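See structure below.
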Amino acid sequence: MKLGIVGLPNVGKSTLFNAITRAGAEAANYPFCTIEPNVGVVTVPDERVTTLSGIYNSKRTIYTTIEFSDIAGLVKGASKGEGLGNKFLGHIREVEAIVHVVRCFDDPNVVHVDGKVDPVGDIETINMELIIADMEVLERRIAKTEKQAKADKSARGELDLLKEVYDYLAAGNVARSMELEEEQASFIHSLDLLTFKPVIYAANVSEDDIAGDDNDYVKAVKDFAASEGSEVVVICAKIEAELAELEDEEREMFLEDMGIEESGLDKLIKSSYSLLDLISFLTTGEDETRAWTIRRGTLAPQAAGKIHSDFEKGFIRAETIAYDKLMECDGKLSTAKERGWLRSEGKEYVMKDGDVVHFLFNV
């Protein structure tokens with residue numbers, strides 16, 4: 001999973017990125033200190049993996065990961081190349097989802113690129129640049145499809161849809177908020193439009209606001225996000241930076257003292273899994289315990305293919321049990337078998353989050 005962190009300059013993007021990846025990207029109080037996207041890979045914490053690895057004394061313990069890219073601050077005119085905009089827009093095309101950091105705090109010592117704090121205005125500034133870039137993509141695709149439609153009537157439906165999306169964007173809307181049928185959505189996804197990518201808005205608040213009720217800036221962001229079906233995570237980049245320096249036990253004490261239930265990183269991970277409709281299944285044994293990430297709705301053979309293509313080609317069946325059920329047996333598969341809880345599933349089985357599975361195959 002690859003997420004791109006975007007936002008206007010000086011909203012806390014690089015500070016947040018440094019904190020969640022401990023990668024040390026430069027964070028400075030002036031625009032464009034990030035030119036090339038910094039990339040950091042974050043391990044997704046999963047107590048189920050830790051527990052199973054302990055039970056089976058696994059030689060290797062492998063958690064799933066998320067890749068974060070810190071993409072430089074966009075400004076008005078980015079779609080026309082302002083502030084190295086075209087390069088930045090190209091970086092956004094490479095990610096599966098966007099974490100859009102918006103400033104929801106007042107601080108006279110931190111410069112705002114537009115001179116005032118206005119999170120919804122900031123969002124609209126970036127959205128408009130992405131919309132313009134998408135419209136240019138659509139213009140080229142429409143011109144190409146119009147030529148095809150003259151010779152091939154079947155291309156007319158595609159052309160009508162392209163024009164419909166273009167008009168929707170021209171009205172100032174983002175593509176992800178458009179109501180589309182499944183087949184239409186699949187086609188639009190194939191165009192790799194920037195505004196069709198799912199978004200998590202990371203509302204960056206001050207240390208004083210993180211544990212209390214939402215401030216007016218956050219409320220405005222949540223209202224805006226609801227209008228386009230996006231998610232909002234309230235974070236404090238400064239606190240995340242402090243947490244990054246602490247050991248696990250110290251982090252828990254720090255969060256408790258601050259009155260915070262979970263870190264911003266944990267919130268982002270949960271939201272990104274929800275946003276992209278992802279789940280994890282588990283494999284375990286003496287050699288290795290591992291979490292594997294798949295889309296919700298994935299069938300057993302395709303899940304097996306995540307481990308190795310031969311597993312999918314020669315799939316016979318999946319022996320599986322829910323993690324919670326296995327824990328009721330103290331992690332013992334023999335006990336689970338005796339109780340009839342270890343299931344044998346075929347090619348039509350839809351994988352569930354937390355399935356502990358052993359695939360049988362023959363190639």
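Note that the coordinates shown come from a computational prediction; the quantities given were computed from them, not determined experimentally.
- The salt bridge (Lys or Arg N to Asp or Glu O under 4.0 Å) with E146 is formed by just one residue from the set R140, R141, K163; it is K163.
- A donor and an acceptor atom, one from each side chain of T320 and Y349, are nowhere located under 3.5 Å apart.
- Residues K13 and D70 are paired through a salt bridge, judged by an N-O separation under 4.0 Å between the basic side chain and the carboxylate.
- Remark: D209 pairs with V205, S206, N215 by the side-chain contact (heavy atoms from CB on, under 4.5 Å) rule, at least two apart or across chains.
- At least one test fails for K306 against the ring of W292: distance under 6.0 Å to the centre or angle within 45° of the axis.
- Counting heavy-atom neighbours within 6.0 Å of D213 CG, excluding the residue itself, gives a total of 12 or less.
- The number of heavy atoms from other shown groups lying within 6.0 Å of CD (E181) does not exceed 12.
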Can you list the steps and then say if S271 with E231 is a side-chain hydrogen bond (donor to acceptor under 3.5 Å, both in side chains)? CA-CA 7 Å; S271 287; E231 296 195 23; 3.3 Å; yes
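- Under a hydrophobic-cluster definition in which Ile, Leu, Val, Met, Phe, Trp and Tyr are linked whenever side-chain heavy atoms come within less than 4.5 Å, directly or via other members, L161 and M135 are assigned to the same cluster.
- In this structure K332 satisfies the side-chain contact (heavy atoms from CB on, under 4.5 Å) test together with S334, T335, sequence neighbours excluded.
- Considering every non-hydrogen atom in both S58 and E288, the closest pair reads OG-C, 3.8 Å.
- With sequence neighbours excluded, the residues satisfying salt bridge (Lys or Arg N to Asp or Glu O under 4.0 Å) with R48 are D46, D353.
- T289 is not listed as a side-chain neighbour of T50, based on a closest heavy-atom distance of 4.5 Å or more.
- Residues I279 and Y323 do not share a hydrophobic cluster, defined by chaining ILVMFWY side chains whose heavy atoms lie under 4.5 Å apart.
- Salt bridge absent: D214 and K219 never bring a charged side-chain N and a carboxylate O closer than 4.0 Å.
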Under the criterion salt bridge (charged side-chain N to carboxylate O under 4.0 Å, His left out), I'd like the reasoning laid out for D122 against R103: C-alpha separation, chi angles, the key distance, then a yes or no. CA-CA 8 Å; D122 293 353; R103 178 172 166 177; over 6 Å; no
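- With sequence neighbours excluded, the residues that form a side-chain contact (heavy atoms from CB on, under 4.5 Å) with E228 are N127, V174, R176, S177, Y201, F224, S230.
- The hydrophobic cluster containing M351 also contains F315, counting ILVMFWY residues as joined when their side-chain heavy atoms lie under 4.5 angstrom apart, directly or transitively.
- Look at D277 and R296 and you find a salt bridge, because one of the NZ, NE, NH1 or NH2 atoms lies within 4.0 Å of a carboxylate O, short of that distance.
- Between K2 and E67 there is a salt bridge, with a side-chain nitrogen of the basic residue lying less than 4.0 Å from a carboxylate oxygen of the acidic one.
- In terms of hydrophobic clustering, with Ile, Leu, Val, Met, Phe, Trp and Tyr side chains grouped at heavy-atom distances under 4.5 Å, V234 and V221 are assigned to different clusters.
- A search for side-chain contact (heavy atoms from CB on, under 4.5 Å) contacts involving R156 returns A149, K153, not counting sequence neighbours.
- Judged purely by distance below 3.5 Å, without hydrogens or angles, the side chains of Y217 and D106 pair a donor atom with an acceptor atom.
- By the ring-ring contact (aromatic ring centres under 6.0 Å, His included) test, F361 pairs with F311, sequence neighbours left out.
- The minimum heavy-atom distance linking I210 with I235 is given by the pair CD1-C, 3.7 Å.
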Could you walk me through whether T64 and T293 pass the side-chain hydrogen bond (donor to acceptor under 3.5 Å, both in side chains) test, one step at a time? CA-CA 7 Å; T64 189; T293 300; 2.7 Å; yes
